[in-house]
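Each chain gets a letter, A, B and so on, in the order its sequence line appears, and its residues count up from 1. This is a predicted model, so every value here is computed, not measured.
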Amino acid sequence: MANYNPQQIEAKWAKAWERKKAWQVDLKKVSAKGRKPYYNLMMFPYPSAEGLHVGNVYAFTGSDIHGRFERMRGNDVFEPMGFDSFGIHSENFAIKMGTHPKAQTAKNIKHFTEQLKQLGALFDWSRAVTTSEPEYYKWTQWLFLQLYKAGLAYKAKAPVDWCPSCKTVLANEQVIDGKCERCSSQVMQKELEQWFFRITKYADKLLKNLEKIDWSERTKIAQRNWIGRSEGAQIEFKIQNSSLKINAFTTRPDTLFGATYMVFAPEHELVEKLKSQIKNWGEVQKYLEEAKQKSELERTELTKEKTGVELKGVRAVNPATKENIPVFIADYVLASYGTGAIMAVPAHDERDLEFATKYKLPITEVVIPWLIDKRNPPVAGKKKVERRNVHAIVRNPKDGKILCLKWKKFNWLTFPMGGVEENEDIVKAARREVEEETGYTNLKLVRVLGGQVCAEYFAAHKDENRVSYTTAVLFDLAGEDRVEVSEEEKERHEALWLEKSQITPQNMTHTETGIWLSRWEGKSGSYLGEGVLINSGKFNGMNSKLAMGEIVKFAKGQKKVNYHLRDWLISRQRYWGPPIPIIYCKKCGTVPVPEKDLPVKLPEVKDFRPTGTGKSPLASVASFMNTKCPKCKGKAERETDVSDTFLDSAWYFFRYPCTEFKNKPFDKARVKKWLPVSMYIGGQEHAVLHLLYTRFITMALKDMGHIAFDEPFKKFRAHGLITKEGAKMSKSKGNVVNPDEYFVKYGADTVRMYLMFLGPFAEGGDWSDKGIVGICRFLSRAFELVTAKTEAKNDLVSLRNKTIKKVTEDLENLRYNTAIASLMEYSNEMKDGGKKDIETLLILLAPFAPYMTEELWSKLGHKDSVHNQPWPKYDVKQVKAERIRFIIQVNGKVRDVMELAADTSEKQATDFALKSRNIRKWVGNSKVKRVVFVPGRLVNIVV
RNA sequence: GCCCGGGUGGCGGAAUGGUUUACGCAGAGGACUUAAAAUCCUUGACCCGAAAGGGUUUGUGGGUUCGACUCCCACCCUGGGCACCA
C-alpha cells in the first residue's frame with residue numbers, strides 16, 4: 001500500500017507547475033468564449049524578518065481556494081502576489097538590528113517568497129510587485145503629482161500628531177487611543193507644515209458608494225462610522241458690543257432654547273480677535289499656554305475633569321431667547337471639528353452638564369421624554385392591542401425630580417386620536433388616581449402629551465401604520481410639603497409601579513429605565529433622546545425632531561453636514577519611503593518634479609535614523625536636497641519628507657496586471673479588461689485605513705480621467721483572526737506560530753485544510769496542534785482510497801449530487817469549514833463508491849488540497865491536471881432522497897420517527913402516524929384537533 | 001457612552017421556524033499486535049431507569065407559534081471597533 005507522503009508529492013508538483021507555468025494567465029489575450037477575466041486579489045504582506053506566520057497562511061489559503069474555485073468554474077483567474085516593503089515597520093526593524101532597510105528588505109522578501117511558494121497557491125510570480133523598488137515607487141510619486149495637479153494634494157501648517165519615538169507625524173487614522181499605532185508611544189501635538197490629501201472632498205461619495213458595493217457589512221459599518229457624517233445646523237450667535245459673531249455647529253438645534261453658555265476651543269481664532277474686550281486676558285492666556293503643552297492623550301482623557309476659563313467681558317446672545325450668555329474657552333471643545341465653537345446645552349449634553357455643574361452655570365431643560373410601551377406596539381387593524389397608556393408624571397419643582405407614578409390602561413376607543421390633549425376626563429381620572437395612590441394633593445397640571453405628539457413622532461419615523469398610544473400627564477407638585485422622597489416612599493412607589501403597571505425594570509426600554517431610575521435616585525443626568533419641547537416659547541409641546549428644522553429657520557441658522565473624516569496627512573519625516581516629488585524654489589515657489597525626472601530616487605545613505613527635529617533624515621543629505629529648479633533652473637531645494645506607506649498600498653492592484661509597462665503606471669486597455677478587482681480578501685484591521693485610501697485614490701483617478709470606474713473592489717470579504725490560546729499572535733507575546741514546521745511535518749495541503757476547518761473563514765479561529773491529525777487522517781484515507789485500486793462498486797448518486805451542491809454553495813459563500821465537513825461525509829461513504837465518486841471527490845477537494853488531488857488524479861491515469869477539470873454540476877432531482885425519516889410529533893414534541901417515501905401525502909402520513917404504537921400511547925382517547933403536515937419532513941398531531 | 005459581533009456537549013464548531021449537537025478533536029469499549037504506535041469497528045449531551053421509556057437542555061426571563069438555537073421584547077455575560085466629533 002502506497003503511503004501518503006506529502007513532502008515528496010508537494011515538491012514534485014510544485015516543480016512541475018512552475019516548469020509549466022501552470023497558473024500564468026495571458027493578460028493580453030482576450031479570454032476564450034465563456035471565460036471571464038477574474039482578478040482574485042489578496043492583501044499583500046509586509047515582508048517581516050520573522051517570515052510568514054499562520055495568519056498569512058490562513059488569509060492566503062482562503063483567498064486561493066476562492067481563486068481555484070473560480071478557475072475551475074471556467075474563469076481566467078489572475079492571482080498575483082507582492083510585497084508592501086516600504087515603511088516605518090521595516091525601517092524600525094533595521095534600526096534595531098543595525099542593518100540597512102534595503103538589505104534587510106531584500107533578505108526578507110527572499111525568505112517570504114520561498115515560504116509562499118510552498119503554499120500551493122495560484123500566484124503568478126512573473127508579476128510580483130515590490131513597493132520599495134524604484135520602478136514601483138516612481139509611479140507612487142507620479143500618483144502624488146497627479147493629485148497635486150488636480151488640487152487634491154496641498155501643504156498646510158496644522159496641528160498634527162507626532163510620535164516622539166518614531167519621530168514622525170502620523171495620520172489621524174494611525175493614532176490609536178492617543179498612542180502611535182506602530183510603537184504605542186504617546187502621541188504629541190505639533191504645529192508643522194505638512195502635505196495632505198484632500199480625502200474629505202470625497203467624504204460624501206465614499207459614504208454613498210458603500211451602498212452599491214458588495215462588501216462585508218462589518219467593514220461598511222466601520223467605514224461609515226469613520227467617515228462619521230452628522231447632520232446638524234450652523235447657528236450664528238451675536239457678540240454683545242461687537243461686530244463679531246460666533247458660529248456654532250450643533251446636531252441638536254431643537255435644544256437652542258436650552259443653550260445657556262458658549263465654548264470656544266483654545267485654538268479658536270476669535271479668542272485672539274476678542275483680546276481687547278476680554279477683561280481677564282492674563283488668566284485666559286495662561287490657560288491657552290497650558291492647553292498647548294498638553295498632549296492629545298491628556299486632552300482627551302475621559303476621566304479628566306473638564307477645565308475652562310470664562311472670557312470675562314464677552315457675552316453672546318442666544319438668538320432664540322435673546323438672553324445674554326457667558327462665553328468660555330475650554331479644551332473639551334475640539335478646534336478641528338465643526339466650527340471649533342459650540343453652544344452649550346447642559347440639560348441635554350453630558351459634557352456640557354459636567355462643565356456647567358462645575359462652573360455653576362444655569363441648566364435649562366427643554367426636552368422631556370415620552371414613555372412608550374414597546375411591548376404591545378399597536379398596529380392599525382389589530383384590535384387587541386388598541387389601547388392607550390396614561391402615565392401620571394409628577395414633577396417636583398424644587399429639585400426638578402420627576403416621579404412616574406401611574407400607569408393606567410384605557411381602552412383606545414374611548415379616546416379618539418387627536419382629542420386627547422383636551423380631554424378633561426383623562427386628566428381628572430389621572431389626577432384622582434395619583435392623589436389616591438400617593439397622597440399628594442396639590443397637583444398642578446403641566447401638560448398632557450397625547451395623540452398629536454405621538455402621531456408626529458411616528459410620521460417622522462415613517463411608521464404611519466401605527467397609531468399613537470402613549471399619553472403622559474405631567475403634574476407639578478404645587479405645594480411645598482411632601483417633596484422629599486423617603487426610602488420607604490420610594491419602595492412604595494416602586495411596588496406600586498410593579499403592581500399596577502405590569503412593567504418591570506426588566507421589560508422597560510433602555511431609555512425608560514435610564515430615566516426612571518436616575519430620577520428615582522436623584523442623579524442628575526442629561527436627557528439625550530427625542531421628546532417634547534418645553535421652556536421653548538412658541539415651540540412648546542412640539543416634537544423635538546420636528547422642531548429641529550423649525551428652530552433652525554427661526555434662528556436664521558443653516559443646515560449643515562459635518563464629517564469626522566479628516567484630510568489624509570501623508571508626510572513622514574523618515575527615510576524608508578518614496579520621497580515626495582516636490583522642489584522648493586525661492587523664485588518660483590513650490591514646483592512639482594516633472595514627470596520625466598521620476599523617480600526621485602531615495603539616496604543610499606548610511607545614517608538613515610530619524611532626527612526628531614521635525615525634518616527627515618534626507619534633509620541632511622546635501623546631494624539629495626540641493627537641486628535645480630525645473631522652471632527657472634536656479635538653485636532650489638527638494639522636499640525631504642517621504643510619503644506614508646499607505647500611499648504605496650493604495651494603488652498596487654493597478655500595477656500587478658501592468659508590470660511590463662515601463663513608461664506608465666498602468667495601461668488603460670489592460671485595466672479596462674481586468675479591473676475593478678473581482679474579489680478582494682483581507683484582514684478586518686484594514687477596514688478603515690487601507691480600504692478607505694484605496695477607494696479615495698480610485699475615485700480621484702477616475703475624476704482625473706485615468707480610469708472609468710470609481711470603486712476598486714467589486715467584492716470584499718474580511719477574514720477572521722487566527723489566535724493562539726485565545727490571544728492575538730504577536731512578537732512581543734512570543735506566541736507567533738511559524739508554519740514551516742507544520743509544512744514539514746504534515747505538508748501544505750494538511751495545513752491549508754486544517755486552517756480552513758477551524759471555523760467560519762470570516763471568524764478565524766484558535767490555532768492548536770490538536771485537531772490537525774483529523775485532517776491528516778482524512779487526507780491519508782482519501783489517498784489510500786485511490787491507491788488501493790479496488791474495483792468499482794456502487795454509484796452514490798444521491799450523496800454525490802448533494803455533496804456537489806453543498807460544496808459549491810459553501811465555496812460561493814466562503815464557508816470552507818462546512819464544505820470540508822461535507823467532503824468528509826462523502827469520503828466516509830466512499831468504500832461503497834465507484835470511480836465516478838472518487839473522481840468527483842478529487843475535483844471537489846482540489847481547491848483545498850491542490851497537491852494531493854493532482855497526484856491522485858494522475859495516479860488514476862489522467863494526463864490533464866485535476867485543476868483543469870470543469871467544476872461538476874449537480875442534478876436537483878438527484879439531490880433529494882427517495883425515502884425520508886419523517887418526524888412524528890404530538891403537540892410539538894417528537895414521539896416517533898418513521899421512514900416513509902419522500903412524496904408521502906398528508907393523509908397517508910397521518911394514517912401511518914396514528915397507527916404507531918408510540919403515537920397511540922400519546923394521543924390516547926383525545927380528539928385530534930389538528931394535524932400539521934410538512935411534506936417530506938414531519939407530521940404534528942395536535943390534541 | 002456609542003457601534004458591530006458572539007453565548008449550543010469535555011473542546012473547535014453544525015443546524016431554510018420542523019429529530020439540537022452534522023463534521024472533526026479528545027474520551028470510553030473492542031479488533032489487529034508479544035507490546036506500543038498507527039489503523040479499523042462500536043459508542044458518545046445531562047438526569048431518572050435493569051430495560052422499554054420518560055424528563056431536562058442551545059446565557060437569563062418573557063412573548064408569538066401546532067412547533068423557537070432560529071422571529072419579537074427585555075436583561076446578563078463576553079470579544080472587537082470608535083470615542084470630549086457638540
Side-chain angles (χ1 to χ4, degrees), chain A residues 176-178 217-222 224-226 228 230 232 248-252 255 263 299-302 304 306 330-334 336-345 348-352 354-355 374-377 503-510 512-513 528 562-566 684-685 687-688 720-721 723 726 728 754 757-760 762-763 765-766 768 770-775 777-778 780-781 784 815 817-825 828 885-897 918 921 929-934 936-943:
Chain A
I176 294 161
D177 285 335
E217 204 46 43
R218 284 183 66 186
T219 314
K220 287 193 193 181
I221 290 165
R224 265 185 213 117
N225 289 345
W226 189 264
S230 65
F249 174 74
T250 177
T251 52
R252 291 294 303 270
T255 63
V263 189
R299 275 182 68 163
T300 57
E301 193 72 69
L302 273 179
K304 186 197 75 158
K306 297 209 170 7
D331 66 6
Y332 82 91
V333 172
L334 305 176
S336 50
Y337 188 76
T339 59
I342 59 154
M343 63 176 218
V345 186
H348 304 290
D349 183 284
E350 286 185 11
R351 298 151 299 176
D352 294 344
E354 192 194 325
F355 192 80
K374 285 196 178 158
R375 292 165 309 162
N376 285 313
I503 276 208
T504 64
Q506 274 87 46
N507 67 13
M508 274 194 286
T509 64
H510 265 297
E512 285 164 353
T513 317
L528 307 175
N562 257 322
Y563 296 92
H564 177 188
L565 186 71
R566 303 295 150 79
Q684 177 68 22
E685 70 272 19
V688 287
L721 194 71
T723 55
K728 198 171 161 175
Y754 170 62
F757 192 56
L758 278 179
E763 279 161 42
D766 198 64
S768 76
K770 270 196 288 178
I772 200 165
V773 300
I775 297 291
R777 283 178 198 150
F778 167 67
S780 311
R781 269 199 296 265
E784 266 152 43
R815 295 161 55 119
N817 56 333
T818 47
I820 293 172
S822 76
L823 285 170
M824 285 173 167
E825 281 176 73
N828 286 344
R885 285 158 65 85
F886 270 75
I887 313 306
I888 317 294
Q889 299 181 329
V890 178
N891 288 337
K893 292 215 178 208
V894 180
R895 297 302 179 188
D896 206 354
V897 178
N918 256 335
K921 195 172 88 190
K929 280 192 205 144
R930 189 180 159 190
V931 174
V932 180
F933 176 74
V934 182
R937 226 171 241 243
L938 72 85
V939 180
N940 184 12
I941 297 163
V942 186
V943 294

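If you check distances only, the side chain of A:Gln684 never reaches the base of B:G80 with a donor-acceptor pair under 3.5 Å. Contact of A:Lys929 with B:C66 (side chain to base): no donor-acceptor pair of N or O atoms is detected under 3.5 Å.
Comparing atom distances between the A:Lys921 side chain and each of B:G54, B:C82, B:U19 picks out B:G54 as nearest. For A:Thr818, taking side-chain heavy atoms from C-beta onward, the closest of the listed nucleotides B:U19, B:A14, B:G24 is B:A14. Picking from B:U19, B:C3, B:G54 the nucleotide with the shortest atom distance to the side chain of A:Ile221 gives B:C3. Nearest nucleotide to the A:Arg937 side chain, out of B:G24, B:C66, B:U16: B:U16.
A close approach under 4.0 Å does occur between a side-chain nitrogen or oxygen of A:Lys893 and OP1 or OP2 of B:U56. In this model, the phosphate group of B:G12 is not approached by any side-chain N or O of A:Ser768 to a distance below 4.0 Å at OP1 or OP2. Contact check, A:Asn828 against B:G24: a side-chain N or O comes under 4.0 Å of OP1 or OP2. Regarding contacts with the backbone of B:G18, every side-chain N or O of A:Arg895 stays at 4.0 angstrom or more from both OP1 and OP2. One finds no side-chain N or O of A:Asn225 lying less than 4.0 angstrom from the OP1 or OP2 phosphate oxygen of B:G81. Side-chain nitrogen and oxygen atoms of A:Arg218 include none within less than 4.0 Å of the OP1 or OP2 phosphate oxygen of B:G5. Phosphate proximity of B:C25 to A:Arg777: present, with a side-chain N or O under 4.0 Å from OP1 or OP2.
Separation of the P atoms belonging to B:U21 and B:U58 is 13 Å when rounded to the nearest angstrom. Annotation: B:A14 and B:G1 have their P atoms spaced 31 Å apart (nearest Å). For the C1' atoms, the distance linking B:U70 with B:U19 amounts to 15 Å, nearest Å. With both ends at atom C1', the span from B:U60 to B:A51 equals 37 Å, rounded to whole Å. With C1' as the reference atom, B:A45 and B:A28 are 15 Å apart, rounded to whole Å. Straight-line distance between the C1' atoms of B:C47 and B:G79: roughly 33 Å, to the nearest whole Å. To the nearest whole angstrom, the two P atoms, one in B:C48 and one in B:U43, are 23 Å apart. Spacing of P atoms, B:G7 relative to B:G17, comes out at 16 Å, to the nearest Å.
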Working for side-chain hydrogen bond (donor to acceptor under 3.5 Å, both in side chains), residues A:Asn562 and A:Ser230: CA-CA 5 Å; A:Asn562 257 322; A:Ser230 65; 5.7 Å; no
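A:Asp352 and A:Tyr332 make their closest contact through OD1-OH, 2.8 Å (heavy atoms, listed as atom of the first residue, atom of the second, distance). Taking every heavy atom of both residues into account, A:Gly340 and A:Val333 meet most closely at O-CG1, 3.6 Å.
Each of A:Val897 and A:Arg781 was matched to the nucleotide of RNA chain B holding its nearest heavy atom; the match closer to the 5' end belongs to A:Val897. Comparing A:Leu758 and A:Gly892 by the nucleotide of RNA chain B that holds the closest heavy atom to each, the one mapping nearer the 5' end is A:Leu758.
Residue A:Arg885 places its CZ atom among 12 or fewer non-hydrogen atoms of other residues, nucleotides or ligands, all under 6.0 Å distant.
Counting heavy atoms from C-beta outward, A:Met343 and A:Val345 have side chains that approach closer than 4.5 Å.
A:Ser336 comes within 4.0 angstrom of nothing in the nucleic acid, heavy atoms only. Across all strands shown, A:Val934 has heavy atoms under 4.0 Å from base atoms, whether or not it also approaches the sugar-phosphate. Residue A:Asp352 is classed as having no contact, given no heavy-atom separation below 4.0 Å to the nucleic acid. A:Lys220 comes within 4.0 angstrom of no nucleic acid atom, judged by non-hydrogen atoms across all strands. A:Glu825 comes within 4.0 angstrom of the backbone, heavy atoms only, and of no base.
Against the 90° criterion about 0, the sugar-base torsion of B:G27 places it in the anti range.
Pairing partner, B:G79: B:C4, with both Watson-Crick or wobble hydrogen-bond distances short of 3.5 Å. Nucleotide B:G61 has B:C73 as its partner under the Watson-Crick or G-U criteria, with both atom distances under 3.5 Å. Across all strands shown, B:G27 forms a Watson-Crick or G-U wobble pair with B:U43, both key distances being under 3.5 Å.
Taking the six-membered ring where tryptophan is involved, the planes of A:Phe886 and A:Phe933 are essentially parallel, since the angle between them stays under 30° and well short of 60°.
We find the CH2-CZ distance between A:Trp226 and A:Arg566 to be 9.0 Å, quoted to the nearest 0.5 Å.
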